[in-house]
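Let me begin by presenting the structure, written as structure tokens, before commenting on it.
Indexing begins at 1, ligand by ligand and atom by atom, following the structure's order. If you're wondering where the values come from, they're calculated on a predicted model, not measured in any experiment. Positions are given from 1, in the same order as the sequence printed here.
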Amino acid sequence: QCPLLHTILFQRKWRKFRRDAIHLDISESTAVGERFSLSNAVDPDIGSNSIKAYYLSENDHFDIEIQTGRDGSKFVDLILKNPLDREKQASHNLILTAVDGGVPARSGTASIIVRVLDTNDNAPQFYKDSYNINLTENAPIGRLVVKLNATDKDEGSNSDIIYSYSLYTSEKTQQTFSLNPDNGEIRVKEMINYEDFRIYHMEIIATDKGVNSLSGKCKVKILLTDINDNHPEISIKSFSSPVKEDVPVNTVIALEILD
Ligand SMILES: [Ca+2]
Ligand SMILES: [Ca+2]
Ligand SMILES: [Ca+2]
Ligand SMILES: [Ca+2]
């Protein structure tokens, strides 16, 4: 049989809904049981009075429920039967089929495109819980120590992150190392000296900019490594009795070397 003729026959038999696609925006936090009207999807040519049944394509999240009005017309609602998760599936494509009571029965289909809207239900997460970083003392001011990177599975401002020191981070540490709130870069802010202080502990918080903001934490330990930057100090001990004038050359008086 001619494929083109077959297609034409097929199109005649299958009537169309008023709209080919129904677009619904549904928040991922929508409660199970919530309903969304699909009634205006029906083609007036079929006539809601004559519709006998609706069918929804098989899926994990939605059901339909049909209600009959006083005049016998049928209304169809889409009902959420399982919670949505935008981070797992951001859109759902369903097919709604309406069948009328004629002989032979006529039917039509419309696609339902559900876009899942984001809510802030994921906290920012650092790649690791803790970082140990070795840093040579006397590193120049402005030197990058580490760039932290936290990610957030949500969308838009729900996933935009601000970095900050937690209260656990001492003032001295905060004075010595700067933290860029926008990009998570930690840089040397003050002269660092191994002989003064060897380990800095910090805790960084990543907070998202969502309405009910969520946050994640990580610990950073900066260990200074020594370089030989101290000249030996020489002190000459004084004796109770002065050195005699006629002391022979090469006699050791007293030397103490401190480093
Ligand atoms: Ca989610
Ligand atoms: Ca978030
Ligand atoms: Ca989300
Ligand atoms: Ca040193």
Side-chain angles (χ1 to χ4, degrees), residues 19 21-38 41 55-65 76-96 110-133 144-170 173-174 177-187 189 200-222:
R19 283 185 289 169
I22 303 157
H23 291 269
L24 290 174
D25 286 349
I26 303 179
S27 163
E28 64 172 323
S29 64
T30 299
V32 167
E34 191 106 353
R35 51 181 65 220
F36 305 88
S37 175
L38 299 176
Y55 302 100
L56 187 66
S57 55
E58 218 171 283
N59 73 93
D60 293 333
H61 291 87
F62 297 95
D63 265 337
I64 48 169
E65 206 173 275
V76 59
D77 283 345
L78 189 70
I79 295 170
L80 185 66
K81 65 172 179 182
N82 276 316
L84 297 169
D85 185 359
R86 190 204 65 87
E87 285 71 54
K88 272 200 192 126
Q89 196 177 349
S91 73
H92 298 263
N93 296 312
L94 310 165
I95 305 283
L96 181 68
S111 66
I112 302 167
I113 299 157
V114 176
R115 186 169 59 146
V116 182
L117 303 181
D118 188 39
T119 55
N120 192 19
D121 57 351
N122 288 277
Q125 263 193 320
F126 285 93
Y127 181 62
K128 289 200 289 182
D129 287 341
S130 65
Y131 296 81
N132 287 342
I133 294 145
L144 181 66
V145 178
V146 64
K147 185 182 187 311
L148 297 172
N149 191 16
T151 54
D152 187 311
K153 290 183 196 152
D154 296 314
E155 198 179 43
S157 61
N158 291 338
S159 68
D160 285 346
I161 291 169
I162 297 178
Y163 298 90
S164 61
Y165 284 123
S166 82
L167 293 175
Y168 171 87
T169 312
S170 73
T173 302
Q174 297 191 34
F177 297 96
S178 68
L179 169 64
N180 184 317
D182 300 318
N183 63 18
E185 284 180 356
I186 294 174
R187 290 178 183 275
K189 193 169 154 191
Y200 294 86
H201 294 275
M202 41 180 87
E203 189 178 64
I204 314 296
I205 303 177
T207 308
D208 66 36
K209 294 181 186 169
V211 177
N212 295 305
S213 66
L214 299 170
S215 59
K217 284 178 192 174
C218 82
K219 289 201 158 96
V220 177
K221 190 162 77 170
I222 299 174

Check: Quick one: do the N122 and D154 side chains pair a donor with an acceptor below 3.5 Å?
Finding: yes

Check: What does the angle at the Ca ion (ligand 2) come to, between atom OD2 of D208 and atom OD1 of D152, rounded to 10°?
Finding: 130°

Next item on the list: Please say whether more than 12 non-hydrogen atoms of neighbouring residues, nucleotides or ligands are located less than 6.0 Å from CD in Q125.
Entry: no

Check: Out of L24, I79, I26, which one pairs with F62 under the side chain to side chain contact (heavy atoms under 4.5 Å, CB included) rule?
Finding: I26

Notebook entry, point to check: More than 12 non-hydrogen atoms from neighbouring residues, nucleotides or ligands closer than 6.0 Å to CG on N212, yes or no?
Noted result: no

Check: Does the shortest distance from the Ca ion (ligand 3) to an N/O/S atom of D118 fall below 3.0 Å?
Finding: yes

Next item on the list: Look at D154 and state whether any of its N, O or S atoms is less than 3.0 Å from the Ca ion (ligand 2).
Entry: yes

Check: Quick check: does N120 put an N/O/S atom under 3.0 Å from the Ca ion (ligand 3)?
Finding: no

Item checked: Nearest-0.5 Å distance that lies between atom CD1 in I64 and atom CZ in R35 -> 11.5 Å

Note to self: Working to 10°, measure the angle at the Ca ion (ligand 2) formed by atom O of N158 and atom O of N122.
What the structure shows: 170°

Checklist line | Spatial distance of atom NZ (K219) from atom CD (E203) [nearest 0.5 Å] | finding: 5.0 Å

Notebook entry, point to check: What is the name of the N/O/S atom in D121 that sits closest to the Ca ion (ligand 1)?
Noted result: OD2

Next item on the list: Rounded to the nearest 10 degrees, what's the angle OE1 of E28 makes with OE1 of E87 at the Ca ion (ligand 1)? Could you check?
Entry: 90°

Note to self: With carbon and hydrogen excluded and only N/O/S kept, which atom of D85 is nearest the Ca ion (ligand 1)?
What the structure shows: OD1

